[in-house]
Amino acid sequence: MSASVLRQPDAEAAATLELLGIRFAWGLNGFAEHPAAIARLACRPALRAPPPVSAREAARIAAHLGRAGLAPVLADNLVGLVAGIADAVLARVGAPTASTARARAAAVGPWDIVVPLHHAETVEEALRLAAGLAAAAAADPQEVDRAIARRLAAIERGWSLWRPDVERAEVIAACERRGVRWRRLSYYPDCIQLGEGRRQKRLYATVSGDTGYIAIRIANDKSLTHLRLAQQGVPVPRHRIVQTADEAARAAREYGFPIVIKPRDGKWNRGVAIVYAPEEVVEAFADARGSGGGGVVVESWLPGREFRILVAAGAVCGAHEREPPTVVGDGVSSVAALIEQANADPARTDPPDAWSGPIAFLPLVERCLAWQGLSLDGVPEAGRRVLVNPLPFRKYGATYRDVSDAVHPANAALAVRIARLLELDIAGIDIRLPDIRRPWTEGPAGVCEVNGGPGIDNIAVTGRKRGVDISGRMIDRIFPAELRRPLPFVLYAVTADQEAAALARAAQLAGEMRTRLGWSVALGDRSGVTIAGNRLHPVREHGMRGWVQLIVESPEADAAILVMPQEVLVAHGLGHDRIDVATVADGPWRQLLAGILAEAGTRIVPFDDPIGPVLDHLTRVDLSVENDRESLSSSSV
């Protein structure tokens, strides 16, 4: 299915539209009020306006879209048809669409399609699919459908690989609520950078760059974590590493049932089992051994309620209780019936002040009931509270309830101490004790697990139920306000005959910044970027986008000065969402560029303006994040 030619066979003059290309404009630009992709079309024979869409063409497109499961498209002309199809594809994956683009009318013609730019590959493929579908009038409909399905599948795969997972999405959303500038690293998109240049901080999900490799290795090893905490007087369950099922059985007899059997290096609760009887040990041991590669751990069972406490940069940011699934007998209904009633009750599965889920029927449920002298068919007496599953996880029917403001100071101090002992910048502490409101020293209490890269989606959701911004609190701790100042940017937008003089002036300004302010200045021109005497080179980027990426991702940069030809800035955008001071030389693009910069709040100075006033402006300008003109949420990919 070609994407280069669009045909409209039913139009009076059999118009042919050619897709000339797709241009990316990053940062401030002349095409839209946000980063944008611009698909430019041409018509043969030349027409003043795009030709209308015929009834036959509209029906053909509607049939293909319907069979592909895409939203219908209404369009008055061929350009609108291509834009509408691209919109349907982007909406399918959950990406911003052309209909949300805020185009600049002066720069966008009737043959242009403007789409918000987020993930360049997804946008480009969506536009090419749209062009190809509109071009396929004479092709076999079944072959067109197959081609659409293949292209859609590829687009969805690419988007799903790029789209942030739940942990990163929580971090990004918290940054946007806090006005913290963020970006996905150009060379490692799974890693999120907070801030710019020397003040930056990096996160891989919830693993901070301030957490060392050894700390993560210890936290991932349940046995090493247990040993470290036990040595330091932190309450932990009795614990043993076993190599065989017989060793596990001996530990179980020593500790007494129930016991916990789990992988030494397991994650996401895989391979974790509560064992109630000797005959269950062999199967639980095999499951644990198959779910991890570092051996099997046997632990004594800790009584009490289970809580997750989130610690970041030496402070508790939030906590929630994990209530295991239970039912209450009525003297008439069986346990199975009580579970079904609970799952049908919206007040239990979707409580307004907590996060819960349906109770799952698992083999562990029957073993847990047998331990209590019951079965699924048994009828508990009225008022009896029956534990259905001892594992307090939502996927099994547990309820998560925010207790962030109820943590006793002694319990908060213990959690902070644990994170400090393990040298974790961010940690999730799982602890069992009778009441989070009472000090752990009143006992019994014990730390089940410590997570060096804790999942924050559950604790964030429960916090939101009570109006507590837990992920925002975490960002405030690990990235305080004094680190949030964006890098000062100075731009010389010049014509070719002024480029040499501008480079000399930029080098002089950089020298003054180093001398007067002590700044390490990134100096860039069309050939690359120099920071601290080192020459850097952007990869696979046009215009200033690559230069800006290098600078804001550099931990050596305190400020940036860029010299760039005006035609490059017009073609590809300014590469960044903010410029503090700019010189715009006389030339054919001066009015457009000066208007874009002035609209963004840039101070525009003459080319021969003395360096002193520029420096004064940079030191006076309020660079606090509260006055940022635009979040990086749309341009940081």
Side-chain angles (χ1 to χ4, degrees), residues 222-223 226 235-266 268-292 294-306 322-329 333-340 342 358-381 384-398 430-434 444-449:
K222 294 176 175 58
S223 184
H226 180 280
V236 292
R238 300 177 68 185
H239 170 101
R240 184 176 301 170
I241 300 173
V242 298
Q243 303 299 328
T244 67
D246 286 342
E247 291 181 13
R250 285 196 295 271
R253 289 194 296 269
E254 178 182 340
Y255 297 161
F257 291 97
I259 60 166
V260 181
I261 296 181
K262 58 186 178 182
R264 181 176 180 176
D265 59 355
W268 301 298
N269 311 312
R270 289 197 293 256
V272 178
I274 309 298
V275 177
Y276 291 98
E279 59 270 20
E280 301 171 12
V281 170
V282 172
E283 181 181 352
F285 175 85
D287 288 344
R289 185 171 59 181
S291 299
V296 174
V297 170
V298 177
E299 285 183 354
S300 61
W301 172 255
L302 289 171
R305 297 148 65 185
E306 183 161 320
R322 296 166 169 173
E323 303 172 2
T326 59
V327 294
V328 179
S333 305
S334 67
V335 173
L338 291 171
I339 292 174
E340 290 177 353
I359 300 173
F361 286 89
L362 300 170
L364 179 58
V365 170
E366 298 187 66
R367 296 197 293 270
C368 180
L369 293 174
W371 179 60
Q372 300 168 83
L374 289 168
S375 66
L376 286 172
D377 295 330
V379 177
E381 58 268 26
R384 179 180 178 183
R385 183 169 292 275
V386 178
L387 178 65
V388 176
N389 190 326
L391 294 176
F393 306 131
R394 181 176 172 269
K395 62 183 178 180
Y396 301 144
D430 294 342
I431 186 169
R432 294 182 71 89
L433 67 170
V447 175
C448 308
E449 193 167 313

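Heavy-atom basis, side chains included; hydrogens, waters and symmetry copies ignored.
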Treating [X] as the side-chain partner and [Y] as the backbone partner, does any N or O pair qualify as donor plus acceptor under 3.5 Å?
{"X": "H226", "Y": "P237", "answer": "yes"}
{"X": "E366", "Y": "L362", "answer": "no"}
{"X": "S300", "Y": "R238", "answer": "yes"}
{"X": "Q372", "Y": "L387", "answer": "yes"}
{"X": "R432", "Y": "G446", "answer": "no"}

Exercise. Less than 4.0 Å between a side-chain N and a carboxylate O, is that true for E299 and K262?
Worked result: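 Salt bridge flag = yes for E299 with K262.
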
May I ask you to test the [X]-[Y] pair for a side-chain heavy-atom distance under 4.5 Å?
{"X": "L391", "Y": "I274", "value": "yes"}
{"X": "V386", "Y": "L374", "value": "yes"}
{"X": "P444", "Y": "L433", "value": "no"}
{"X": "S375", "Y": "L369", "value": "no"}
{"X": "I241", "Y": "V296", "value": "no"}

For [X] and [Y], which heavy atoms make the closest approach, and how far apart are they?
{"X": "L364", "Y": "Y276", "result": "CD1-CE1, 4.0 Å"}
{"X": "F257", "Y": "A252", "result": "CZ-CB, 3.7 Å"}
{"X": "S334", "Y": "L376", "result": "CB-O, 3.5 Å"}
{"X": "P263", "Y": "A288", "result": "CG-O, 3.5 Å"}
{"X": "A398", "Y": "P324", "result": "CB-CA, 4.2 Å"}
{"X": "E247", "Y": "V242", "result": "OE1-CA, 3.4 Å"}

Exercise. Out of curiosity, E323 CD to R394 CZ, how far, rounded to the nearest 0.5 Å?
Worked result: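 Output value for this atom pair is 14.0 Å.
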
For this session: To the nearest 0.5 Å, tell me how far W371 CH2 sits from E280 CD.
Result: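 Here the interatomic distance stands at 11.5 Å.
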
For this session: Determine, step by step, whether N389 and C368 satisfy the side chain to side chain contact (heavy atoms under 4.5 Å, CB included) criterion, reporting the C-alpha distance in whole Å, the side-chain angles of both residues, the deciding distance to 0.1 Å, and the verdict.
Result: CA-CA 6 Å; N389 190 326; C368 180; 5.9 Å; no

Problem set entry | Of R322, K222, R305, the residue whose pairing with D430 passes salt bridge (Lys or Arg N to Asp or Glu O under 4.0 Å) |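 That would be R322; it is the only one of R322, K222, R305 passing the salt bridge (Lys or Arg N to Asp or Glu O under 4.0 Å) with D430.
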
For this session: Please say which of D287, V298, V297, V272 ends up in a side chain to side chain contact (heavy atoms under 4.5 Å, CB included) with I261.
Result: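 Single pass found, and it is V298.
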
Exercise. L302 and C448: side chain to side chain contact (heavy atoms under 4.5 Å, CB included), yes or no, with the steps?
Worked result: CA-CA 8 Å; L302 289 171; C448 308; 4.1 Å; yes

For this session: Evaluate the side chain to side chain contact (heavy atoms under 4.5 Å, CB included) criterion for residues Y396 and I359: first the C-alpha distance (whole Å), next the side-chain angles of each, then the deciding distance (0.1 Å), finally the verdict.
Result: CA-CA 5 Å; Y396 301 144; I359 300 173; over 6 Å; no

For this session: Decide side chain to side chain contact (heavy atoms under 4.5 Å, CB included) for E254 and R240; before the verdict, give the C-alpha distance in whole Å, the side-chain angles of both, and the deciding distance to 0.1 Å.
Result: CA-CA 11 Å; E254 178 182 340; R240 184 176 301 170; 2.4 Å; yes

